[in-house]
Amino acid sequence: MLVLIVLTYFGAVVTLAWFGYRRTRTAADFVVAGRTLGALVGGATLAATQISAGTFVGTVGLHYMAGVCFAWVWPGAWLGWIVAVVFVAPRLRESGALTLPDYFSRRYGAAARTFAAALIVVAYTIFLVAQYKASGIIVNAVLGWPEWTGIALVLASTTVYSLLGGLHGGARIDLLQALVMVTGVVTAVPYLLSHLGGLDGLARHLGTVDPRLLGWFYGWRELLAFGAVFGLSLAATPLEITRFLAMRDLTTARYAVGVGFIFQAVIGAAIMMIGLSMRALFPGLPSADQASSVMAAHVLTPIAGSLLVVAAFSAIMSTVNALLLVASASVVHDIYVPIRKGAVSDRRRLLSNRVAIVLLALVPVWFAVHDVPLVQFIVLFQAKLIASSFFAPVVIGLNWKRASAPGALASMLAGLVVCILWSLPGRPPLGLDAIFPGVAVSIVVFVSVSLAGHA
Amino acid sequence: MPWNFYGWFVFAAVFIAAYFVWVWFSGRNRPARGRSPEAESLKPDAE
C-alpha cells in the first residue's frame, strides 16, 4: 500500500514539475513564477513552506514532551505573517525586486546585498540539515532502512523538481503537498482517538502520565519565546516574504495569508492531537522526535500510516524546495550576477540557478548523516539567526525613510553576532532566549546608526 | 480535556475569521491596482 501511495504521489509531483518546466522561460519565471500565483496556490505555498520537518517531527515531539500548551505558539507565527503582509509585502512588491538581497541592493547598496545573500545561504544550509535529518529518522523508523536512504530520496526527488520547474512547478506542487499533509494528519487522528477511548480517554491517560501535559508545561515566558521566534522570523524570512513577490497583486497576497492560516490551523490541530495521543500510548519513547514515525509504523492502519509518511515527506520536500529556490536565487542573482557586473544573459542565469540548486542541495548532506541535535532546535536556531539579522532592515527599513545603508549593514552584523553569542552552550544570560537580545540590539543599532548618519 | 485545549480551537476560528473580515474591508477601501502615494514618498536613501 505504501508503495502504491508513494508512486501515485511522485507521479503527480513529476507531472506538476513538467508543467512548471514548460512554463519557465526566464530567470524571473524560475524565481517568482512570473508573478502569477493566485490566493489558493499562494496560501498553500506559504503554509507548505512554513510547515516542515520541524512540524511533522519536531512539533509532534514537542507536543509529546510538553502537552497541549505548545499549540499556543501558533498565534506567534500568525502574527508574524500579519506583520509581513501589512508592513513588508506592499513595499517589497513595489520595489520591483526579485529577491530580498535584490531589494537590499536598491535600498542599502551592494555590500548589504552580498551580506544578506551570504547569510541566507548559510542559514538555509543549516535549515536543510534539519530537513534531511528528519527524512532519515522517518525512513529508519517506518521502513527500517538506514537514515541515508531517506536523505537520498528527498535529495534526489526535490532537487530534480526544483531545478526543472522553479517556482512555477514548486508552488503547484506545494498545493498538492499541503492537501496531502492535511489528508495525512487528519486521517490519523480518529485512529489514535479510537485506541484511547476518545478525547476523555486521552485526557485520562495524559493525566496519569504527567498532569502538566494538560496544563502549562511551559510557562508564559517560554511560550512567548517560541512564538516570538516563529513570528519575528516569519515577518522577515526570505523563505516566506519572497513568496509575496510571486503573487498576482497585494490583495491576492492578503487572501493567500488567510488561506495559509486555514492550512496551518487544521494541520496544527491534528499535529497536537498526534503528539498528545502518542504520549498517552507510548509514554517512554527514547526521543520525542520518534513519536510520529513510531505512530506511522506501529499504530495506524497501512493506508493511514502510508498517508502520514507521504504527508511528512510532503512537508519536508516543500520546505527543501523553497530553501533551494531562495538560496540559489541568492547565489546567482545576488552574488554571481553582480560579480559579473550584470553581463549574464537570461538564459545563462536560468542555467546557473539550476546548477546552484544541485550544489546547494548536496552540501548539507554531509552534516545530516552525522549526529545532530533535535530537529526542532535546528529549525529554531536558523529562525533566530534570520530574525536577528533581517527583522530591523526589512520590517523597519521598508517603512522608515531615514533608514541608511550603514545602519542596515551594522544592524545585520550586530544582530547576528549577539544571537550567536547568546546561543552558545550553557544557560542563556538572564534566562532570555537569543532572539530577544538579537532582534533588540539589531533594532537599536539600525535606528541609532541611521540617525547618526543623518545628523 | 482542559480549557486551554478547547480555547485554542475557538481562538484559531475567531482569529482567522477576523483576518478575512479585515482583508475584505481593506480590499473595498483601496484602489484595485497601482502604486500607493505612501510608497511613492518612500524614496530609497542609498540611490
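Remember, it's a predicted structure, so these values are computed and weren't measured experimentally. Chain naming here is simple, since letters A, B, ... match the order of the sequence lines and numbering starts at 1 in each.
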### Message
Taking side chain as everything from C-beta outward and backbone as N, CA, C, O, which of these in A:Val266 sits under 4.5 Å from a heavy atom of chain B? Side chain, backbone, both or neither.
### Response
neither
### Task
Given side chain to side chain contact (heavy atoms under 4.5 Å, CB included), test A:Leu202 with B:Phe5 step by step and report yes or no.
CA-CA 12 Å; A:Leu202 173 62; B:Phe5 175 81; 5.9 Å; no
### Query
Between B:Phe15 and A:Phe261, how do the two ring planes meet: parallel, tilted or perpendicular, split at 30° and 60°?
perpendicular
### Task
Mind checking the CH2-OH spacing from B:Trp24 to A:Tyr255? Nearest 0.5 Å is all I need.
8.0 Å
### Task
Please test A:Ile82 against B:Trp22 for side chain to side chain contact (heavy atoms under 4.5 Å, CB included), starting from the C-alpha separation and ending with a verdict.
CA-CA 11 Å; A:Ile82 288 180; B:Trp22 171 74; 5.8 Å; no
### Neighbour count above 12 (heavy atom, 6.0 Å) for A:Phe87 CZ
no
### Query
Which one of A:Val85, A:Asp200, A:Leu206, A:Val257 has the most heavy-atom pairs closer than 4.5 Å to chain B?
A:Val257
### Message
Tell me the closest heavy-atom pair linking B:Tyr19 and A:Gly258, and the distance in Å.
### Response
CE2-N, 3.4 Å
### Message
Using a 3.5 Å distance criterion without hydrogens, assess whether the side chain of A:Trp72 forms a donor-acceptor pair with backbone atoms of B:Asn4.
### Response
yes
### Query
A:Ala71 and B:Trp8: which non-hydrogen atoms are nearest, and at how many Å?
O-NE1, 2.8 Å
